[in-house]
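What follows is a single structure, written as structure tokens, with notes after it.
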2 protein chains.
Amino acid sequence: MLSVMATGHTDPRRRERIIDATLDLIAEEGIANVSHRRIATRAGVPLGSMTYHFGGLEELLREAFGRFAERIVALFDSYLAAPNDRERARDAVTDLIHELSEDDQRYLVLTQELYTLAARQPAYRELTKEWMRRSRVHLERHFDPDTARQLDALIEGMTLHRALTPEPHDRALTREAVTRITTRDPAQR
Amino acid sequence: MLSVMATGHTDPRRRERIIDATLDLIAEEGIANVSHRRIATRAGVPLGSMTYHFGGLEELLREAFGRFAERIVALFDSYLAAPNDRERARDAVTDLIHELSEDDQRYLVLTQELYTLAARQPAYRELTKEWMRRSRVHLERHFDPDTARQLDALIEGMTLHRALTPEPHDRALTREAVTRITTRDPAQR
DNA sequence: CTTCAGAGCGTACGATCGTACGCATGCCGA
DNA sequence: TCGGCATGCGTACGATCGTACGCTCTGAAG
């Protein structure tokens, strides 16, 4: 062999780069179109690395989505931990919805793929449950538990609709929805 | 060949059975795990039928999801066309959310797979946009357009959370959320 | 009864897949 | 300096895939 061949001991970032490449590929091509070979090419690592660093494709996917969930939870934390009163919490939720549905559809796609897996496999369902639990903890600092659950569902739905719909809700409408869902015993019209 | 071989002209339900088998398979195994062969086995048709009746796997999937979307739209219609006043509309929406997230996760899984495709491919996005448009038409018979959009998003989010969460919202909580989101200018607490 | 057009499918091809295994490589102790 | 060993990867195997093509068979026309 004339090229580099084995490198001996090295590079703890190999795993990270593989995981990142996996998430990128899933976002761009869908889980149906990822393979060891395509991930390896994308990450710039040899095919053999795949089964060396990860027990198999399934294990790699679990780890990749685990990483994704961690990042999302961190994002939720960063938005929802800060506000100290109810009005600011509503603002933060509004911001979060717009952040999640903005720009490319990376977040949307990865979330959808995760939910799809969650609907069928308990391991993935744990990821999403933990995610929902964490965000509810934040919301419950400002709202009662029932309201928190309703608001959590609204965040989900508005994020999705904003991303899939030609004319997404503008900020004022989002804010209005957040206000409505977090307000009890309203006088009906 | 000793078995049946070709059957000559026949059976217009071949296509239907293939499409149904496709949806069943996707619901059970995920889009990543469907193939011409597995669909054929499931539908009880020969492999050759696949490329005979459909231009290819992609075309089959589009048609299958088209059929799914039609059925869902019909379900939305059946729930949302009936009510004649605002209160009954709220009840109907509540019923719809519970219907969609009940029992098996067939609806959840297929919807997630469709949204995932919609996020990446315009053809599928049209399907979902049409679906959203149709449901909004119903909702707008009872609520103003902005409210209809917010309610539509809430339906989405609550359906998902009910299906994925260990203790789904009970009916009273769902109804409360529907009431809140459809009530304007509430007095804040 | 004979013919034949076209509906429908059996089958085979090339591509791609996941995975395992043996070998190349560089580091460390002596 | 040199041996041994753990790290890391090149490669090959068997399975599975989508698809195209030519053959079989049916029903209708005559």
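Here is how names work: the chains are called A, B, and so on, in the same order as the sequence lines, proteins then strands, and each is numbered from 1.
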Next item on the list: With sequence neighbours left out, write down each residue that passes side chain to side chain donor-acceptor pair (under 3.5 Å) with A/Thr116, or none if nothing qualifies.
Entry: none
Notebook entry, point to check: Considering residues at least two apart in sequence or located in another chain, which fulfil the side chain to side chain donor-acceptor pair (under 3.5 Å) criterion with B/Thr22?
Noted result: none
Note to self: A/Arg136: which residues meet the side chain to side chain donor-acceptor pair (under 3.5 Å) condition with it, sequence neighbours left out?
What the structure shows: none
Note to self: Just to verify, what does A/Glu113 make a salt bridge (Lys or Arg N to Asp or Glu O under 4.0 Å) with, not counting sequence neighbours?
What the structure shows: B/Arg120
Check: At how many degrees, to 10°, do the end axes of the helix from C/dC1-D/dG30 to C/dA30-D/dT1 meet when each uses five pairs?
Finding: 10°
Notebook entry, point to check: Who passes salt bridge (Lys or Arg N to Asp or Glu O under 4.0 Å) against B/Glu29, sequence neighbours left out?
Noted result: B/Arg38
Item checked: Test side chain to side chain contact (heavy atoms under 4.5 Å, CB included) applied to B/Pro83 - qualifying residues, sequence neighbours left out -> B/Arg88, B/Ala89, B/Ala92, B/His142
Margin query: Going by the rule salt bridge (Lys or Arg N to Asp or Glu O under 4.0 Å), which residues pair with B/Glu140 if we only count those two or more places apart in sequence or in a different chain?
Written below: none
Notebook entry, point to check: Given atom CZ of A/Phe54 and atom C1' of D/dC9, what is their separation to the nearest angstrom?
Noted result: 15 Å
Margin query: Side chains of A/Arg180 and B/Thr147 only: does a donor on one sit below 3.5 Å from an acceptor on the other?
Written below: yes
Item checked: Phosphate OP1/OP2 of C/dC9: any B/Tyr52 side-chain N/O under 4.0 Å -> no
Would you tabulate the pairs of protein nitrogen or oxygen atoms and nucleotide nitrogen or oxygen atoms of nucleotides 18-22 of chain D closer than 3.5 angstrom?
from, atom 1, to, atom 2, distance (Å)
D/dG18, OP1, B/His36, N, 3.3
D/dG18, OP2, B/His36, N, 2.9
D/dG18, N7, B/Arg37, NH2, 2.2
D/dG18, O6, B/Arg37, NH2, 2.7
D/dT19, OP2, B/Leu57, N, 3.0

Check: How would you list, by chain and number, every residue that makes a salt bridge (Lys or Arg N to Asp or Glu O under 4.0 Å) with A/Arg42, sequence neighbours excluded?
Finding: A/Asp24, A/Glu28
Check: For DNA chain D, which residues in residues 61-68 of chain A have a heavy atom at a distance below 4.0 Å?
Finding: none
For a quick test of your reading: what N or O donor-acceptor pairs under 3.5 Å do the side chains of residues 70-81 of chain A make, sequence neighbours left out?
from, atom 1, to, atom 2, distance (Å)
A/Arg71, NH2, A/Asp20, OD1, 2.9
A/Asp77, OD1, A/His138, NE2, 2.4
A/Asp77, OD2, A/Arg134, NH2, 2.8
A/Ser78, OG, A/Leu75, O, 2.8
A/Tyr79, OH, A/Glu99, OE1, 3.1

